[in-house]
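First the structure, in the form of structure tokens, and then the observations on it.
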Amino acid sequence: MKLKYFSAPYLVWMIVFILVPLLMIAYFAFTNDDGGFTVKYISDVGQYANIFVRSIWLSLIATAICLVIAYPVAFILSRMEKHKQGTMLMIVMLPMWMNFLLRTYAWMTLLGNNGIINYILGLVGLGPYKLINTSAAVVLGMVYNYLPFMILPLYSVMEKIDKSMFEAADDLGCSSVQTLFRVIVPLSMPGITSGITMVFVPAISTFIISRMLGGGSNLLIGDLIEMQFLGNAYNPHLGAAISFVLMVIILVIMTVMNQFDPDEQVLM
Amino acid sequence: MKKLGKIYMSLVLFFLYIPIFVLIVFSFNETKSRSVFSGFTLDWYVRLFNNKIIISSLVNTIIIACLASIISTVLGTLAAIGINNMKKIPKAVVMNVTNMPIINPEIVTGVSLMLLFVFFAARMNLEFGFATLLIAHITFDVPYVILNVMPKFNQMNPHIYEAAQDLGCSPFKAFRKVVLPEIMPGVVSGFLMSFTYSLDDFVISYFTSGSTSQTLPITIYSMTRRKVSPEINALSTLIFIAVVIVLIVKNVIENRSQKRREA
């Protein structure tokens, strides 16, 4: 028996449960209830342009903040003594092992109108401020939930950068800023690109964070899709069309990201 | 410079941990207040254990995670063996499709499976529930098993399987005695990864579960939609403790095996 036939059960599974469902999204996006071809739903997506713009904008901000916060964290981690690195990495990643609904719920508790932040501010005579149900709260939720996804790929490339690189740059007369932009950043590029994808993709498609921290006024693409399938506005054709457009947006962004990656491959 | 680094790390850790610690503290709070700690109680824990919905969805989550990860490990390991022996182009095609559930946003995977199940539900006797949930979990688990096992083949000498057969092993015995031990670390990490993903998944389960079969994350979601309930805080505390214990055990095991390798 040839070994390649071992994959037969999986190939059947893959076709039925990965390929066919994705083709069904495309099929539903371009057909109406009678099964006839239509671009009505795809063009209807245009009505929600503001939600698309908001989703892209908020998730770009969240991704940028994650990159700025995570970059020094990954660098510090990678320069620690070897035996400390493992433990420290575990401490940094530990909150990610909590279910993300609970992590987001924790921020609901903190940011609420009767929450602890407003309470503490009240003690010193400030507020109460409207913290929850704002777009800033949504960005905060994204940063909090997806920060570890940025730290991990950055750390794994920086860990491999040899210390002598910095010494060489120093010997050749680089200032520490020059070392950062001419040595560390180029060498950590694969980590940067995969970190950006790993934060941006879940951020742009979330519906939980916007629902729990954004109230009703900060709908994102994810909310829009969810409403077409499980909400009152049941309309799988429109939902499929929105999902289709979302996939195209992500594909375009990942292709752009790959241009920056020397290996031309996004690390997952 | 070193000091600055320490301060920075402490600030980031503060940001990461403070919400969790607030939840833990308020799980012992007497009243439902989210800001004032009025007195110590274990009431919310008692209520949690008496909450039938939570307990049954926890049991359901564990059953699904076990079944899904075992089935995916078998399916994925067999698949990896097969894919490894494919020609270049079919291999690339299969790997690209396999990567899709990992690259795609979870909501797209969830919605695509929901469309498929709706299609079947209308034509066959299929209802949303345990079966659809299990299929969905296996579907997003298998790619992780394949991605964990595949690299092990690249590290393995491809001729040892033939050598074992030349030395008188049947193909099956050669596989069991020679190939399987080589790829075992990948199989184990693939299994563990799919088990944790299954335990933790909300988005895909949300679209494929129906009303009869709920998992713990779905129950948590419906709890957060309703009024404030400190039972969630109690649940978070218990999950946090469980996570800490698992990670410490994992670390100890890894350190020990590393020391053994060094010795």
Side-chain angles (χ1 to χ4, degrees), chain A residues 1-11 13-14 17-22 24-25 28 69 72-73 76 86-87 90-92 94-95 97-103 105-110 112 114-116 119 201-202 205 207-208 212 222 225-226 229-230 236 239-240 243 246-247 250 268, chain B residues 5 8-9 12-13 15-17 19-20 22-23 26 33-36 75-76 78-79 81-86 94 97-108 111-116 118-119 135 138-139 142 171 200 202 206-207 217 220-221 224 232 235-236 239-240 243-244 247 251:
Chain A
M1 193 171 118
K2 278 189 179 164
L3 284 172
K4 69 176 176 192
Y5 297 127
F6 276 43
S7 58
Y10 169 69
L11 291 182
W13 189 283
M14 180 186 91
F17 295 113
I18 299 179
L19 211 53
V20 170
L22 286 173
M24 280 180 88
I25 288 193
F28 268 75
I69 297 178
V73 173
I76 295 168
T87 317
M90 191 190 95
I91 294 172
V92 171
L94 198 149
W97 289 74
M98 290 268 289
N99 190 281
F100 88 108
L101 290 162
L102 294 173
R103 278 180 282 151
Y105 174 79
W107 280 104
M108 271 171 86
T109 312
L110 289 170
N114 303 312
I116 198 158
Y119 177 76
V201 172
S205 58
F207 65 97
I208 292 305
M212 286 168 80
I225 296 174
E226 194 261 354
F229 285 98
L230 293 169
S243 310
L246 175 65
M247 278 162 75
I250 288 173
M268 289 306 287
Chain B
Y8 185 77
M9 283 302 273
V12 171
L13 288 180
F15 171 66
L16 287 174
Y17 279 89
I20 296 171
V22 170
L23 279 190
F26 280 93
S33 166
R34 291 171 170 195
S35 52
V36 187
L75 203 60
L78 289 176
I81 297 167
I83 295 167
N84 189 53
N85 285 285
M86 281 178 179
V94 172
V97 179
T98 300
N99 276 323
M100 276 179 183
I102 297 173
I103 298 168
N104 262 336
E106 283 180 304
I107 192 169
V108 172
V111 160
S112 72
L113 283 165
M114 186 185 172
L115 282 175
L116 181 82
V118 168
F119 180 83
I135 291 173
I138 295 171
T139 304
V142 180
D200 204 46
F202 167 73
Y206 180 67
F207 285 100
I220 293 171
Y221 177 66
T224 63
I232 302 184
L235 184 65
S236 309
I239 292 181
F240 184 75
V243 166
V244 171
L247 287 184
N251 232 29

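Small disclaimer: the values here were computed from a predicted structure and weren't measured. In what follows, chains are A, B, ... by sequence order, proteins preceding strands, each numbered from 1.
Heavy atoms of F17(A) lying under 4.5 Å from chain B belong to its backbone as well as its side chain. For V12(B), the part lying near chain A is the side chain, with the backbone staying farther off; criterion is any non-hydrogen pair under 4.5 Å. When heavy atoms are compared at a cutoff of 4.5 Å, V142(B) approaches chain A solely by way of its side chain, counted from C-beta outward. Both the backbone and the side chain of P217(B) come within less than 4.5 Å of a heavy atom of chain A. With a threshold of 4.5 angstrom between heavy atoms, L115(B) approaches chain A through its backbone and through its side chain. For P9(A), the parts lying near chain B are the backbone and the side chain together; criterion is any non-hydrogen pair under 4.5 Å. Looking at L230(A), the atoms closer than 4.5 Å to chain B (heavy atoms on both sides) all sit in the side chain, from C-beta outward. When heavy atoms are compared at a cutoff of 4.5 Å, N114(A) approaches chain B solely by way of its backbone atoms N, CA, C and O. D200(B) touches chain A through backbone and side chain together, each having a heavy atom under 4.5 Å away. Proximity to chain B is limited to the side chain of W13(A), based on heavy atoms less than 4.5 angstrom apart. Interface residue V243(B): only side-chain heavy atoms are found under 4.5 Å from chain A. Of the atoms belonging to F240(B), heavy atoms from both backbone and side chain fall under 4.5 Å from chain A. With a 4.5 Å cut-off on non-hydrogen atoms, F15(B) touches chain A through its backbone and its side chain both. Looking at I25(A), both its backbone and its side chain come within 4.5 Å of chain B, counting heavy atoms on both sides. Of the atoms belonging to L16(B), heavy atoms from both backbone and side chain fall under 4.5 Å from chain A. The contact between L22(A) and chain B is made by backbone and side chain atoms together, counting heavy-atom distances below 4.5 Å. For M24(A), the parts sitting under 4.5 Å from any heavy atom of chain B are the backbone and the side chain alike. Interface remark: L11(A) contributes side-chain atoms only to the contact with chain B (heavy atom separation under 4.5 Å). Interface residue L102(A): backbone and side-chain heavy atoms are both found under 4.5 Å from chain B. Contacts between Y8(B) and chain A at a heavy-atom distance below 4.5 Å involve the side chain alone, from C-beta outward. For a residue to count as touching a neighbouring chain, one of its non-hydrogen atoms must lie under 4.5 Å from one of that chain's; by this rule L23(B) touches chain A with the side chain only.
Scanning all heavy atoms of the two residues, the minimum distance from S112(B) to P21(A) falls at O-CB, 3.4 Å. Across every non-hydrogen atom of I103(B) and V201(A), the tightest pair is O-CG1, 3.8 Å. Minimum heavy-atom separation, G222(A) to F207(A): C-CB, 3.4 Å.
By number of non-hydrogen pairs under 4.5 angstrom with chain A, the leading residue of L13(B), N251(B), I135(B) is I135(B). Between chain A and the residues G82(B), G76(B), P171(B), the most heavy-atom pairs under 4.5 angstrom are made by G82(B). Highest contact tally toward chain B, considering only I208(A), L110(A), T109(A), L94(A), is held by L94(A) [criterion: heavy-atom pairs under 4.5 Å]. Between chain A and the residues L235(B), V118(B), I239(B), L113(B), the most heavy-atom pairs under 4.5 angstrom are made by L113(B). Interface summary for chain B: among P202(A), P72(A), S243(A), the most heavy-atom pairs under 4.5 angstrom belong to P72(A). Among I18(A), I225(A), L246(A), the residue making the largest number of heavy-atom pairs under 4.5 Å with chain B is I18(A). Listed options Y221(B), F26(B), F119(B) were ranked by heavy-atom pairs under 4.5 angstrom with chain A; first place goes to Y221(B).
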task = Let me see the working for F6(A) and I83(B) under side chain to side chain contact (heavy atoms under 4.5 Å, CB included), right down to the final yes or no.
result = CA-CA 8 Å; F6(A) 276 43; I83(B) 295 167; over 6 Å; no
query = Are Y5(A) and N85(B) close enough, and set up right, to give a side chain to side chain contact (heavy atoms under 4.5 Å, CB included), and what steps lead you there?
reply = CA-CA 9 Å; Y5(A) 297 127; N85(B) 285 285; over 6 Å; no
Side chain to side chain contact (heavy atoms under 4.5 Å, CB included) between M14(A) and L19(A), intermediate numbers included = CA-CA 6 Å; M14(A) 180 186 91; L19(A) 211 53; 5.5 Å; no
key: side chain to side chain contact (heavy atoms under 4.5 Å, CB included) between Y10(A) and T98(B), worked out   = CA-CA 10 Å; Y10(A) 169 69; T98(B) 300; 2.8 Å; yes
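Between atom CZ of residue R103(A) and atom CD1 of residue I20(B) there is a gap of 7.5 Å, rounded to the nearest 0.5 Å.
Taking the six-membered ring where the residue is Trp, the centroids of Y206(B) and F229(A) are separated by 6.0 Å or more.
Taking 4.5 Å as the limit, every side-chain heavy atom of L78(B) sits out of range of all side-chain heavy atoms of S7(A). Taking 4.5 Å as the limit, every side-chain heavy atom of I220(B) sits out of range of all side-chain heavy atoms of F202(B).
In this structure, a donor-acceptor pair under 3.5 Å is absent between the side chains of S236(B) and Y105(A).
With sequence neighbours left out, E226(A) forms a salt bridge (charged side-chain N to carboxylate O under 4.0 Å, His left out) with R211(A). Scanning for side-chain hydrogen bond (donor to acceptor under 3.5 Å, both in side chains) contacts around N84(B) gives an empty result, with sequence neighbours left out.
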